[in-house]
Structure formats: structure tokens, C-alpha cells
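Inspection log for the structure reproduced underneath, given as C-alpha cells.
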Amino acid sequence: LDAERWQHRPGRKLAFLTDALMHAAAIAERLLQEAWPAETEVFLGRNLSYENEELMRIRLTDARRIEGWQHCVMIVAG
């Protein structure tokens with residue numbers, strides 16, 4: 001994605017479908033490099049609508065260290 005698409009603006013929300021290359025930690029790291037506030041809320045969901053569904057609410061700064069969330073939905077609420 002080009003730089004403008006990663007740019008932070010107050011109130012901006014981004015949504016991602018992640019994969020093995022652009023996983024939640026990699027996206028979080030890129031957003032932090034693009035000057036998104038470390039305290040930005042991130043919502044992660046995987047296995048949605050299945051018995052093993054998982055939902056997580058985390059800060060952007062912590063999301064860059066999360067493991068095992070390669071295939072998920074990621075919502076960033078700036």
C-alpha cells in the first residue's frame with residue numbers, strides 16, 4: 001500500500017484481512033512507523049462464527065509483538 005493509505009488521521013479506522021506475509025504484527029509495526037499513536041486500539045478476530053472463535057482487543061504497541069494471528073480480521077481504530 002502506498003504511504004497515504006497508512007497515514008494516521010484522528011478518528012480514522014482501517015480494516016485488514018491478514019495472511020502469512022501481512023499478519024497482525026507486521027501491520028502494527030508498519031502503522032507505528034507511520035506515526036500512529038502507540039495507544040491506538042486494535043481489534044482482532046479469527047475463526048469467526050466457529051466454535052473456536054477468538055476476539056482480542058489490544059493496543060497497537062502490543063499488537064506488533066503478537067504471535068499466531070496470521071489469518072484474521074484486524075480493525076484499527078485511530
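The first residue of the sequence shown is numbered 1, and numbering continues consecutively from there.
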Distance, nearest 0.5 Å, that separates CD1 of Ile66 from NE2 of His23: 11.5 Å
Contacts of Arg12 that satisfy side chain to side chain donor-acceptor pair (under 3.5 Å) - sequence neighbours left out: none
Leu60 side, atom CG; Met74 side, atom CE - distance, nearest 0.5 Å: 6.5 Å
Contacts of type side chain to side chain donor-acceptor pair (under 3.5 Å), residue Gln70, not counting sequence neighbours: none
Heavy-atom pair with the smallest gap, counting every atom of Ala24 and Thr18: N-CG2, 4.0 Å
Crowding at CD, Glu4 (>12 non-hydrogen neighbours, <6.0 Å): no
Shortest non-hydrogen separation from Ile58 to Ala63 and the atoms involved: CD1-N, 3.9 Å
Spacing of CH2 belonging to Trp6 relative to CD belonging to Glu34, to within rounding of 0.5 Å: 8.0 Å
Partner residues of Glu51 under the side chain to side chain contact (heavy atoms under 4.5 Å, CB included) criterion, sequence neighbours left out: none
ILVMFWY clustering at 4.5 Å (side-chain atoms), partners of Ile75: Leu17, Phe43, Leu48, Leu55, Val73
Heavy-atom check, side chain of Leu14 versus side chain of Leu31, under 4.5 Å: yes
Pairs involving residues 35-46, ordered by first then second residue, that meet side chain to side chain donor-acceptor pair (under 3.5 Å) (sequence neighbours left out): Glu39-Arg59, Glu41-Arg57, Arg46-Glu54
Residues that Ala38 engages under side chain to side chain contact (heavy atoms under 4.5 Å, CB included), provided they are two or more places apart: Leu32, Thr61
Residue pairs involving residues 15-25 (criterion salt bridge (charged side-chain N to carboxylate O under 4.0 Å, His left out); sequence neighbours excluded): none
Atom CD of Glu67 with >12 non-hydrogen neighbours under 6.0 angstrom: no
Sequence neighbours excluded - ring pair (Phe, Tyr, Trp, His ring centres under 6.0 Å) pairs with any residue from residues 46-75: none
